[in-house]
Participant: 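Supplied in structure tokens, the structure appears directly below.
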Amino acid sequence: MELNRVYLDNAATTPVKPEILDSMLDFYKEGYGNPSSIHSFGREVKSHIDIARENVANLLNASAKEIYFTGGGSEADNWAIKGIALRYMNQDKHIITTEIEHHAVLDTCKYLEKNHGFKVTYLKIKENGIIDIEEFKSAITKDTILTSIMFANNEIGTIQPIKEIGAICRENNIVFHTDAVQAVGNVHIDVKDMNIDMLSLSGHKIYAPKGVGALYIRNGIRLDNLIHGGGQERKKRAGTENVAGIVALGKACEIANKGLDEHISKLTALRDDLISRIQAVIPHTIVTGDLEKRLPSIASFCFKFIEGEALLLSLDLVGIAGSSGSACTSGSLDPSHVLMALGLTHEVAHGSLRLSLSDFTTKEEIDYVVEKLPPIVERLRNMSPLYED
Amino acid sequence: MELNRVYLDNAATTPVKPEILDSMLDFYKEGYGNPSSIHSFGREVKSHIDIARENVANLLNASAKEIYFTGGGSEADNWAIKGIALRYMNQDKHIITTEIEHHAVLDTCKYLEKNHGFKVTYLKIKENGIIDIEEFKSAITKDTILTSIMFANNEIGTIQPIKEIGAICRENNIVFHTDAVQAVGNVHIDVKDMNIDMLSLSGHKIYAPKGVGALYIRNGIRLDNLIHGGGQERKKRAGTENVAGIVALGKACEIANKGLDEHISKLTALRDDLISRIQAVIPHTIVTGDLEKRLPSIASFCFKFIEGEALLLSLDLVGIAGSSGSACTSGSLDPSHVLMALGLTHEVAHGSLRLSLSDFTTKEEIDYVVEKLPPIVERLRNMSPLYED
Amino acid sequence: MYSQKVMDHFTNPRNVGEIETPDGVGEVGNAKCGDIMKIYLKVEENVITDVKFKTYGCGSAIASSSMATEMIKGKTVEEALNLTNKAVAEALDGLPPVKMHCSVLAEQAIKKALQDYARKNNLDIPGLTDIEIDDDHDHHEEIED
Amino acid sequence: MYSQKVMDHFTNPRNVGEIETPDGVGEVGNAKCGDIMKIYLKVEENVITDVKFKTYGCGSAIASSSMATEMIKGKTVEEALNLTNKAVAEALDGLPPVKMHCSVLAEQAIKKALQDYARKNNLDIPGLTDIEIDDDHDHHEEIED
Ligand SMILES: Cc1ncc(COP(=O)(O)O)c(C=O)c1O
Ligand SMILES: Cc1ncc(COP(=O)(O)O)c(C=O)c1O
Ligand code: FES
Ligand code: FES
């Protein structure tokens with residue numbers, strides 16, 4: 001069997017679904033004005049933004065007025081964290097997060113430490129990729145104003161105990177933000193039930209385009225604006241709205257909401273099939289992260305004795321797109337902070353491979369990967385001075 | 001003559017040009033990955049971003065590595081101002097701007113005053129809408145770290161003496177930012193010649209879509225990130241790139257650059273025709289802002305004795321889209337801060353109308369407006385208790 | 001944004017104009033806020049036989065004036081006095097929230113005109129004297145390109 | 001990102017393997033950094049008659065190993081000593097900036113193997129002893145989804 005292109009890098013970015021693309025195209029055409037304008041061109045646009053907001057809210061069990069559109073997941077993360085931090089910086093200055101956050105959270109926390117005198121606790125993870133709830137509890141001080149813990153990790157797909165964390169934060173009067181960029185559309189999320197105060201999401205992980213996202217802000221939570229200016233987004237996020245992107249994000253959430261159970265069961269089956277077959281045929285393989293508490297969409301491995309970039313390159317040559325937390329993909333020194341936090345040795349971490357699935361992924365594609373991957377790993381191992389068979 | 005829709009609200013937002021739309025569509029399709037990814041899907045995307053960056057740079061006489069893409073003009077303004085302010089807040093804390101800036105600048109300055117202890121000087125404008133250079137000079141103190149003065153105003157189209165301002169800032173070692181969201185693509189801009197250190201622009205004013213913009217940062221200028229995180233935009237602006245939007249913005253700048261002289265002469269002629277004919281046929285009309293130092297694209301009026309929203313509504317009914325700085329368009333109390341800064345009375349300012357032109361604007365459309373507008377103004381005046389003919 | 005009714009009364013406003021020798025005149029709003037509404041009444045035997053208005057203001061202010069004047073024409077003074085801004089807005093099939101105060105202007109202008117009528121004729125109309133005219137606008141954000 | 005030459009040497013690397021009884025062996029890099037390059041030499045009468053490598057590392061490290069070994073095969077020890085990483089990169093039609101250090105590894109591995117050869121044979125090869133092997137990687141940003 002030959003397949004042209006097997007795209008298994010959906011945790012990096014998903015293709016835009018045709019029906020989502022269709023939904024947005026109209027908004028580039030003439031006659032669609034600025035949603036803040038009074039004339040009929042503008043008015044029509046406004047109502048489409050409102051519908052999108054409803055759809056995003058529905059997916060999270062939030063209400064529409066708690067949804068604020070942003071220019072992506074990173075902006076949402078920055079806004080949530082800096083918005084609380086800069087607002088309360090003259091009072092208390094302690095933040096809790098984890099070692100395995102996305103850099104949009106991590107670098108924001110480091111910035112606040114370095115430039116604005118905050119104290120940040122970076123929780124470690126256990127070897128299954130999940131935080132220790134007791135450690136979290138004991139990290140809380142009377143100065144803690146904010147906890148930011150990701151819903152699901154982008155490299156290894158592990159899901160944190162969000163509901164427990166939310167309950168603890170609520171009890172202790174700490175604002176709880178979660179970066180759910182990878183989780184939204186892949187698992188069931190209920191911000192009310194889970195006591196989530198703020199939640200970041202991003203369009204391009206759920207079949208909408210890049211450059212649009214949203215921050216859910218629970219009614220009653222007060223934070224500084226990240227982007228000041230015009231009256232858009234009820235004066236909380238200035239800037240003429242990326243209308244087409246917002247409409248697409250709304251559509252994406254609507255689709256995700258309708259098909260969520262099916263999406264989960266389909267992808268979970270494919271993912272488990274992929275993981276177990278790869279583990280069975282390739283020796284010296286480590287599956288990174290918890291096997292159960294993981295996104296249906298992410299399979300992640302480390303293959304000992306080889307290096308990730310060479311592996312990706314070889315896969316690319318047979319039409320398979322994946323990704324690696326190996327440092328050699330970018331020419332830097334250390335493998336990704338997530339793999340290091342797992343306690344893997346550098347040597348093992350360098351051989352990481354993430355294959356991330358989408359609604360478009362088929363059984364045939366999984367079969368193709370299971371056929372092509374083992375000889376590639378074998379070939380690279382045979383070139384490796386670390387490998388002795 | 002009947003025209004279906006005459007869109008003269010291009011200063012609010014332009015339609016997307018068909019060739020620009022075409023340039024971006026590919027980037028939604030399958031097979032276009034994350035530009036940071038290593039596989040071939042991702043690599044291709046990267047090179048398109050690089051081309052866009054070149055095109056933006058060329059339009060400003062900047063170099064490509066001085067261009068950073070953002071989620072729009074407001075983000076660019078916020079980044080420029082907060083980026084400098086928060087970086088140097090432990091040193092000096094004085095900022096100079098004007099009374100007529102866009103809210104993205106104004107509200108950011110107010111935020112810095114209120115929450116972070118900055119002092120901000122808001123320069124007044126003369127009755128032609130332009131600042132007094134001597135007043136600017138005497139506003140400078142030894143604590144001044146930043147000047148932010150818009151290139152051209154969005155309501156009345158007046159162009160500030162940017163080159164003079166730039167020279168003064170350079171002499172005094174003050175970082176000079178200009179919000180050129182309205183100016184880019186409408187006038188010649190040379191950041192080197194004009195000594196501009198930072199410049200904001202936005203896609204949806206130059207026939208690219210909403211939700212994408214850029215900040216030019218002169219090589220050597222250091223400022224804090226607004227959005228921390230991933231390594232995109234050379235680690236200065238995190239977030240997966242809005243690839244389609246960026247490609248479109250690049251294309252828009254390329255087109256603008258090629259046709260700039262023609263654009264300017266065509267629009268200037270149409271604008272002057274519109275202004276002089278309206279002034280000739282409608283009594284009690286004030287043209288707001290300087291007649292010469294103004295964008296080719298903006299004609300702005302105040303019609304005494306009537307109110308702007310009623311005027312817009314009437315125009316909308318005959319298919320003409322314009323805008324008004326009248327407060328009644330939004331149900332707020334005061335007319336726009338720009339009109340007030342001009343020294344107009346409330347009563348006059350409420351009757352404002354902005355008609356803003358684009359490359360698509362035709363002589364026929366101008367004729368149509370000149371035909372339809374006078375009886376509308378007359379009808380509303382006849383209903384007005386303020387009007388006695 | 002606006003209902004068809006609003007658009008109808010905006011484009012074809014009823015009762016625009018002035019009455020030469022009115023029995024009562026009421027003006028509310030001010031130019032500073034961008035809205036002035038002036039209502040002229042003709043009253044015969046406690047019945048409003050004619051009513052005219054002039055309005056400087058937004059579309060919904062004009063439509064509210066038109067609708068409100070229609071609603072009190074031929075009515076008794078007491079009936080006119082009971083006209084609420086809500087009733088005007090409802091008759092217009094609703095107004096956007098930020099525009100509700102335009103209907104308030106209409107209610108108030110009528111009351112002021114009735115006050116004027118009562119004063120001129122030394123009448124003591126129950127419930128009229130203790131009306132408080134509140135000229136406040138709602139404050140809302142300025143929206144911008 | 002990579003030239004066709006790089007891809008060719010990556011997919012069909014020349015001289016992969018080990019030499020059973022080598023005259024010189026050089027290993028540079030370390031697993032921590034994700035790259036180890038090991039070069040085996042056979043030297044006869046001052047001429048490199050055979051060379052093999054094993055590399056743990058990225059695509060460009062593998063291609064650099066392959067190209068570098070090709071370039072010194074049949075050359076004298078002195079010629080091999082003069083091989084620069086630039087020459088390797090050029091022979092590969094260039095390498096991306098962040099990947100230049102992979103070619104440095106190749107140059108250094110060869111020098112180390114020649115040092116080993118010289119030491120074992122008590123040779124004094126001009127210019128060899130004072131080579132400083134610098135294992136430093138460039139630091140570059142981590143890029144992320
Ligand atoms: C002068 C000026 N600055 C800034 C902006 C904000 O740009 P954006 O809408 O892309 O955020 C606008 C228009 O919206 C503008 O006209
Ligand atoms: C967990 C996580 N957080 C945040 C982001 C950033 O989102 P965006 O790329 O839309 O800025 C990503 C992916 O890019 C992510 O995977
Ligand atoms: S071996 Fe690490 S980048 Fe080449
Ligand atoms: S009169 Fe100002 S909003 Fe209606």
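Below, chain A is the first sequence line, B the second, and so on; all start at residue 1. Since the model is a prediction, treat every value here as computed from it, not as a measurement.
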Participant: Distance from Ser324(A) atom OG to Leu353(A) atom CG, nearest 0.5 Å?
Facilitator: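 Answer rounded to 0.5 Å: 7.0 Å.
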Participant: Given a strict heavy-atom distance threshold of 4.5 Å, which part of Ser60(D) is in contact with chain A: side chain, backbone, both, or neither?
Facilitator: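 Just its backbone gets close to chain A.
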Participant: Side chains of Lys38(D) and Tyr56(D): does their closest heavy-atom pair fall under 4.5 Å?
Facilitator: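 No, too far: nothing below the 4.5 Å cut-off.
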Participant: Taking only Lys NZ, Arg NE, NH1 and NH2, and the carboxylate oxygens of Asp or Glu, determine whether Glu18(D) and Lys54(D) approach each other closer than 4.0 Å.
Facilitator: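 Answer for the salt bridge query: yes.
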Participant: Looking at Val348(A), Leu386(A), Leu311(A), Leu380(A), which has the largest count of heavy-atom pairs under 4.5 Å with chain D?
Facilitator: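 Max contact count across the listed options: Leu386(A).
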Participant: Taking it one step at a time, do Val377(A) and Arg381(A) satisfy side-chain contact (heavy atoms from CB on, under 4.5 Å)?
Facilitator: CA-CA 6 Å; Val377(A) 171; Arg381(A) 282 183 176 165; 3.6 Å; yes
Participant: Need one label for Ser314(A): side chain, backbone, both or neither, based on atoms under 4.5 Å from any heavy atom in chain D.
Facilitator: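 Contact with chain D: backbone and side chain both.
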Participant: Using non-hydrogen atoms and a 4.5 Å limit, figure out which bit of Ile36(D) sits close to chain A: side chain, backbone, both or neither.
Facilitator: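 When you check distances to chain A, atoms from both the backbone and side chain of Ile36(D) fall under 4.5 Å.
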Participant: Atom NZ of residue position Lys120(D) - does it have more than 12 heavy atoms of other residues, nucleotides or ligands inside 6.0 Å?
Facilitator: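 Counting neighbours around NZ of Lys120(D), more than 12 heavy atoms of other residues, nucleotides or ligands fall under 6.0 Å, so yes.
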Participant: Tell me, side chain or backbone of Met7(D) under 4.5 Å from chain A's heavy atoms, or both, or neither?
Facilitator: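 Answer is side chain: those atoms of Met7(D) sit under 4.5 Å from chain A.
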